[in-house]
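Since this is a predicted model, take the numbers as computed values, not measurements. Heavy-atom basis, side chains included; hydrogens, waters and symmetry copies ignored. Labels below follow one simple rule: chain letters A, B, ... track the order of the sequence lines, proteins then strands, and each chain is numbered from 1.
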Amino acid sequence: MARPNDEVEALLREYADLIAITGGDAFRARAYEKAARSIGGYPADVSHLDAEGLREIPNVGRSIADKVLEYLRTGRIALVEERRARIPAGVRELIRIPTLGPKKALRLYEDLHVSSVDELASAIEADALADLRGFGEKTQDNIRHGIELLRRAGSRIPLSAALETAEEIVGELSRVTGCRRCAYAGSLRRMRETVGDLDVLVAAERSAPFMAALCDLPATAEVVARGTKKTSVRTAGGLQVDLRVLPPASWGAGLQYFTGSKAHNIRTRTIAVHQGLKLSEYGLFDAGSGRSLASRTEEEVYARLGLPWIPPTLREDRGEIEAALRGELPEVVTERDIRGDLHTHTDLTDGLAPLEQMVEAAAARGYAYYAVTDHAPDLYMQRMTDEKILAQRERLRELDGVHHGMRLLHGTELNIGPEGDVDWPEDFLAGFDLCVASLHSHFDQDRAALTRRLVRACENPYVHVIGHPTTRLIGRRPGVDADWDAVFAACARTGTALEVNAQPDRLDLCDEDILRARDHGVRFAVNTDAHSVRQLAHLRYGVGTAQRGWLTREDVINAWPLSRLRRFLRGG
DNA sequence: GCCGTTTTCGGCCCGACTGTTTTCAGTCG
């Protein structure tokens, strides 16, 4: 099951939403939100803490500590259940629609008895909102568009959630007696940004114990189908998990087949056919005699087809077969190649952990260098000042090299203003080792204005990296509309790196944009944008996305040794 | 509900944008 911290976070967030929807004290709602975020990002497992330990978590006081203890003891929080009884779950779903907040949700529920996204969609179709105060033409358009966005994301779940569930399931099944191999395949293994269902494979002589184990998992809510070769279940979170048990001799062929993509597999099967072979999930066979030629490992299967092993993240039929045939497959960047994180926050702005904890955690990851990039003053809500950032710099210099010799870079995340200007004058910017610059507002400027804005940011000699360049939020907000080829060209010309932001709901740039930018000769930085210690581990999602964009160590500035990185930052 | 170099009460992230309610509520970052 999910980590206790995550369960508590979800519950407190729900409570905060319910307070907001029922018109409770806004500050109280925010207090629960803040506590939820702090607990979710807290490094220690809350189920191992007592009341005193819980209260050491920022934004957790006596009342919330008691509620957490109640949850850990009984599995529920009475006050949350009380609020739940007053507001149908579907009403809370409504506030996931962009531009629709708690106030509008409550009005829809009270006046029209709308208690789900589907009911709202029908109500709009039936023109039932016409007489409702505050729901004019434009508002309805915005809601309709918001519902569209939600639905397009559909039932697919974020890569990060899928990966956590898959790793738990693989962990459990690996412990079952008779398990020779166990792995997840499918779009998850290819690290697609969202995942529709999980494909889990087991190699074993007997399948029954694994089918039983899957059905008995605590995460399993419903058994969809149960057979000897394949069993499907649905988790409490609504994720379908397909388990296939293969004979050990078919492991490689099965893994290849179920990893896909479909387009990639069509290409490999075509290659097989042209060689008088047949490729299936059971192996690579001679089409005439039916004799098995390769099946134990993926490497064998690819080799018998005349191909090198192709990393799963490349298997999209986006030229990887041709590159493999030419012997020109890229050696894609791996998590081990990343020598440092270049975009991270502390509690000086909206991060959760103090500088010392972030630095210590970064060192524990084995980084050679690490940049701290808190928000700059133009993002007013962060209340940054010259004094605060300079005091941080002083403290950071003291910590430089203290942990395993890890070097620290003092940076900032600048705000790209509507005209492409950034916070602070040039002489102040010159004091930073590294500046990331990102869009945080004015997303709906027209294409020409947005392009100019981004190009101007690139042309600023103190801007080294463009953070989360499109600002998309997966399933919630599309990226901004710019002439990206012009922006990528500007990055290449000015030596400005583009970020591959590893936050699971961003993954920005996305794989396709990376491929385009790469053609322009742009460099990249794979960064977590971590706002807590735990988020430093989000790096893997960024690396997966970078791989899908065919990036190598050479393309990624934070895979370089520090001396080379510093030359890049100096513009050399 | 949390918190404290304006400290046990009285603040709390501030400002902008949008749509619609002609003076501001709601939402967002």
Choosing from B:dC2, B:dG19, B:dC12, which nucleotide comes nearest the side chain of A:Phe27?
B:dC12
With sequence neighbours excluded, tell me which residues meet side chain to side chain contact (heavy atoms under 4.5 Å, CB included) with A:Leu439.
A:Ile416, A:Phe443, A:Leu450, A:Arg453, A:Leu454, A:Thr471, A:Val480
Does B:dT18 have its OP1 or OP2 closer than 4.0 Å to a side-chain nitrogen or oxygen of A:Asn142?
no
For atom CD of A:Glu394, is the number of surrounding heavy atoms from other residues, nucleotides or ligands below 6.0 Å larger than 12?
no
Report the residues that fulfil salt bridge (charged side-chain N to carboxylate O under 4.0 Å, His left out) with A:Arg13, sequence neighbours left out, ordered by chain and then residue number.
A:Glu9
Using whole Å, what does the distance between atom C1' of nucleotide B:dG1 and atom CZ of A:Arg55 come to?
11 Å
Given the P atoms of B:dG1 and B:dT6, what is the spacing between them in whole Å?
27 Å
Sort me out a list of protein N/O and nucleotides 26-29 of chain B N/O pairs below 3.5 Å, or just none if empty.
from: B:dT27; atom 1: OP1; to: A:Gly101; atom 2: N; distance (Å): 2.4
from: B:dT27; atom 1: OP1; to: A:Gly101; atom 2: O; distance (Å): 3.1
from: B:dT27; atom 1: OP1; to: A:Lys104; atom 2: N; distance (Å): 3.3
from: B:dT27; atom 1: OP2; to: A:Lys103; atom 2: N; distance (Å): 3.3
from: B:dT27; atom 1: O5'; to: A:Gly101; atom 2: N; distance (Å): 3.4
from: B:dC28; atom 1: OP1; to: A:Thr99; atom 2: N; distance (Å): 2.7
from: B:dG29; atom 1: OP1; to: A:Arg477; atom 2: NH1; distance (Å): 2.5
from: B:dG29; atom 1: O3'; to: A:His440; atom 2: O; distance (Å): 2.7

Value in whole Å for how far the P atom of B:dC2 lies from CD of A:Glu56:
15 Å
To the nearest Å, how far apart are A:Met384 CE and B:dG15 P?
17 Å
What distance, rounded to whole Å, do you find between the two C1' atoms, one in B:dT22 and one in B:dC28?
24 Å
Reckon A:Asp444 touches a base, only the sugar-phosphate, or nothing at all at heavy-atom distances under 4.0 Å?
sugar-phosphate
Considering only the P atoms, how many Å lie between B:dT27 and B:dT21, rounded to the nearest integer?
15 Å
Would you say A:His442 reaches B:dA16's phosphate, i.e. side-chain N/O to OP1/OP2 under 4.0 Å?
no
Restricting to ring-ring contact (aromatic ring centres under 6.0 Å, His included), what partner residues turn up for A:His403, sequence neighbours left out?
none
Which value, in whole Å, describes the distance between the C1' atoms of nucleotides B:dC3 and B:dT8?
10 Å
Once ring-ring contact (aromatic ring centres under 6.0 Å, His included) is applied, do any residues pair with A:Tyr15, and if so which ones, sequence neighbours excluded?
A:Tyr32
Roughly how far apart, to the nearest Å, are B:dA16 and B:dT20 at atom P?
22 Å
Rounded to the nearest Å, what distance is computed from the CG atom of residue A:Asp25 to the P atom of nucleotide B:dC2?
12 Å
Would you kindly give the CG-to-P distance between A:Asp141 and B:dG19, to the nearest whole Å?
9 Å
Side-chain donor or acceptor of A:Arg339 paired with backbone N/O of A:Ala559 under 3.5 Å:
yes
In this structure, how many angstroms lie between the C1' atom of B:dC3 and the CD1 atom of A:Ile64, rounded?
12 Å
Could you pull out all residues at least two apart from A:Glu119 that satisfy salt bridge (charged side-chain N to carboxylate O under 4.0 Å, His left out)?
none
The side chain of A:Asn59 is closest to which nucleotide in this list: B:dG19, B:dC17, B:dC3?
B:dC3
Find the partner of B:dG15: check Watson-Crick (N1-N3 plus N6-O4 or O6-N4) and G-U wobble (N1-O2, O6-N3) distances, both under 3.5 Å, and reply none if neither fits.
B:dC28
Rounding to a whole Å, what distance do you find between A:Phe135:CZ and B:dT18:C1'?
14 Å
Between B:dG19 and B:dG11, how far apart are the C1' atoms? Round to whole Å, please.
31 Å
Quick check on DNA chain B: between A:Arg28 and A:Lys34, whose nearest nucleotide comes earlier from the 5' end?
A:Arg28
Please state how far atom NE2 in A:His145 lies from atom P in B:dT18, giving the value in whole angstrom units.
15 Å
Taking atom P in both B:dC13 and B:dT18, what distance in whole Å separates the two?
25 Å
Taken to the nearest 0.5 Å, the spacing of A:Leu348 CG from A:Arg395 CZ works out to 13.5 Å
